[in-house]
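Before I ask anything, let me first share the structure, which is written out below as structure tokens.
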Amino acid sequence: MKIIVLKFGGTSVGTIEKIKKISKIVTSFVNKKYKVIVVSSAMSGVTNDLINKSRKISDNFNTSEYDVLVSSGEQIACALISGRLNHLGYKSRSWLGWQVPIVTEGTHRSSRIVSIFKKRVLAYIKNGGIPIITGFQGVNFENRITTLERGGSDASAIMIAKFFDAEKCIIYTDVEGIFTTDPNITKKAKKIDKISYEEMLEMASLGAKVMQPASIQDARLNRINIDVKSSFKNIPGTLITKRKNINKNKIITGISFTKNDSKVTLIGVVDKPGVAASIFEPLFKNAINVDMVVQNISADGNKTDLTFTVKSEDLNKVEKLIKNNKKIRFKDILITKNVSKVSIIGVGMITTPGVTYRMFKALSKKNINIQVISTSEIKISVLINKKLVTKAVSTLHNEFKLEK
Ligand code: ASP
Ligand code: MG
């Protein structure tokens with residue numbers, strides 16, 4: 001039995017016309033003798049709208065009711081898709097997360113799928129039915145409805161592909177695939193044919209918004225091949241797969257960037273064990289994500305300067321938490337808003353020396369000042385003035401010949 005999972009994002013089911021169009025994609029696979037499982041997100045805008053409603057009810061809306069509320073958009077989309085398939089003469093029905101059931105663990109709003117009971121859905125498929133399963137939702141051990149974090153229908157599709165042993169998982173979206181960088185920044189941006197899980201994970205968490213980062217990690221752990229492609233243009237997309245399947249001739253695969261970061265520097269922090277932990281403890285407790293961190297020894301050797309970056313929307317909170325933190329002492333706090341992190345990503349850099357140098361050199365030729373640097377095995381990130389992002393990305397795109 002050839003099982004295929006087709007996942008449709010919000011824009012792919014955003015209108016009745018679009019639902020009619022994607023229903024044809026579904027039937028085309030049925031006609032090719034695939035057993036199809038459809039996973040759908042809510043119609044675009046619906047989830048945001050529901051979240052806004054919850055905010056108007058209370059600024060402290062109960063999280064288990066939040067999950068009941070915001071997961072309801074998926075129910076609507078799935079009923080409409082199966083309704084259309086019925087109309088076209090196919091056997092199809094919707095399945096809500098709890099009906100499958102898709103069992104999750106963790107807290108409300110950010111649960112993770114731990115198991116999927118496939119017996120009933122499988123029987124339905126074997127009898128020629130097309131199940132349309134709600135993305136984004138699950139049910140926990142207390143029998144309450146849960147959700148998987150924003151964008152979580154990607155994770156639903158990938159875990160369904162895993163539990164049903166699908167041959168493939170196709171993520172249908174409103175772009176043609178994964179690009180070397182944001183096409184709005186440079187026209188030279190090119191669609192990537194194949195990208196490794198590791199690279200995609202970096203691209204997704206560093207700002208390329210096509211897929212939910214957590215879902216890529218699920219795919220990587222379970223070795224699920226993912227095809228990302230357009231719902232509306234029938235052309236090849238991008239395959240996300242393991243490194244072995246990719247013949248590498250490029251050093252850099254893609255360039256991503258963030259838009260709204262801020263840099264915080266604490267000058268003259270006492271240099272003794274535990275200080276960094278004391279600085280970051282309240283940030284962690286308030287669920288604030290700290291990104292780049294750099295520590296320097298200051299001239300006298302007893303004090304240190306510590307720099308880190310956060311999302312600009314968290315900045316006010318961070319400033320308050322630092323200033324009210326009785327456990328730490330420092331001479332001064334410097335804040336720079338409007339910085340951006342630009343990252344080059346590629347497994348090729350593991351085996352190629354000199355990539356860092358080439359990146360810095362190319363930026364310096366364009367007079368772009370680097371404020372903070374961080375690296376991992378397959379990525380180099382620099383923090384720069386936000387105004388220079390377009391210039392930096394285009395420069396690096398040329399330097400590493402990504403348009404070729
Ligand atoms: N509808 C949900 C959201 O907007 C889940 C998804 O789109 O993947 O976050
Ligand atoms: Mg999405």
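For reference, positions follow the sequence shown, starting with 1. Keep in mind the model is a prediction, meaning the values are calculated, not measured. Whatever order the structure lists them in is the order used to number ligands and atoms, beginning at 1.
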State whether the shortest distance between N or O atoms of E149 and N or O atoms of ligand 1 falls below 3.5 angstrom.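 No, no N or O pair falls under 3.5 Å.
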Please list, chain by chain and in numerical order, all residues satisfying ring pair (Phe, Tyr, Trp, His ring centres under 6.0 Å) with Y197, sequence neighbours excluded.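 Y197 satisfies ring pair (Phe, Tyr, Trp, His ring centres under 6.0 Å) with no residue once adjacent residues are dropped.
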Does the ring of Y66 carry R109 above it, NZ/CZ under 6.0 angstrom from centre and within 45° of its axis?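 Ring-cation test returns yes.
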Tell me yes or no: between the side chains of T104 and T146, is some donor less than 3.5 Å from an acceptor?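 The answer is yes; a qualifying pair exists.
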Any G151 heavy atom less than 4.0 Å to ligand 1: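 Yes, that is the case, since the closest heavy atom of the residue is under 4.0 Å from the ligand.
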Quick one: is the NZ or CZ of K118 closer than 6.0 Å to the six-membered ring centre of F163, and within 45° of its axis?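 Ring-cation test returns no.
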Close N or O approach (T47, ligand 1; < 3.5 Å):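 In this structure, T47 places an N or O atom under 3.5 Å from an N or O of ligand 1.
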Could you check whether any heavy atom of E74 sits closer than 4.0 Å to an atom of ligand 1, since that is the contact criterion I want to use?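 Flag set, E74 near ligand 1.
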K162 bridged to D218 by N-O distance under 4.0 Å: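 Salt bridge: no.
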Between R150 and ligand 1, does any nitrogen or oxygen pair lie at a separation below 3.5 Å?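 R150 vs ligand 1: N/O contact under 3.5 Å present.
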Side chain, backbone, both or neither: S41 near ligand 1, heavy atoms under 4.0 Å: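 For S41, the contact with ligand 1 is made by the side chain alone.
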Does ligand 1 have any atom sitting under 4.0 Å from a heavy atom of G152?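 Yes, G152 has heavy atoms under 4.0 Å from ligand 1.
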Side-chain donor-acceptor contacts of residues 266-273 below 3.5 Å, not counting sequence neighbours, with atom names and distances?
none

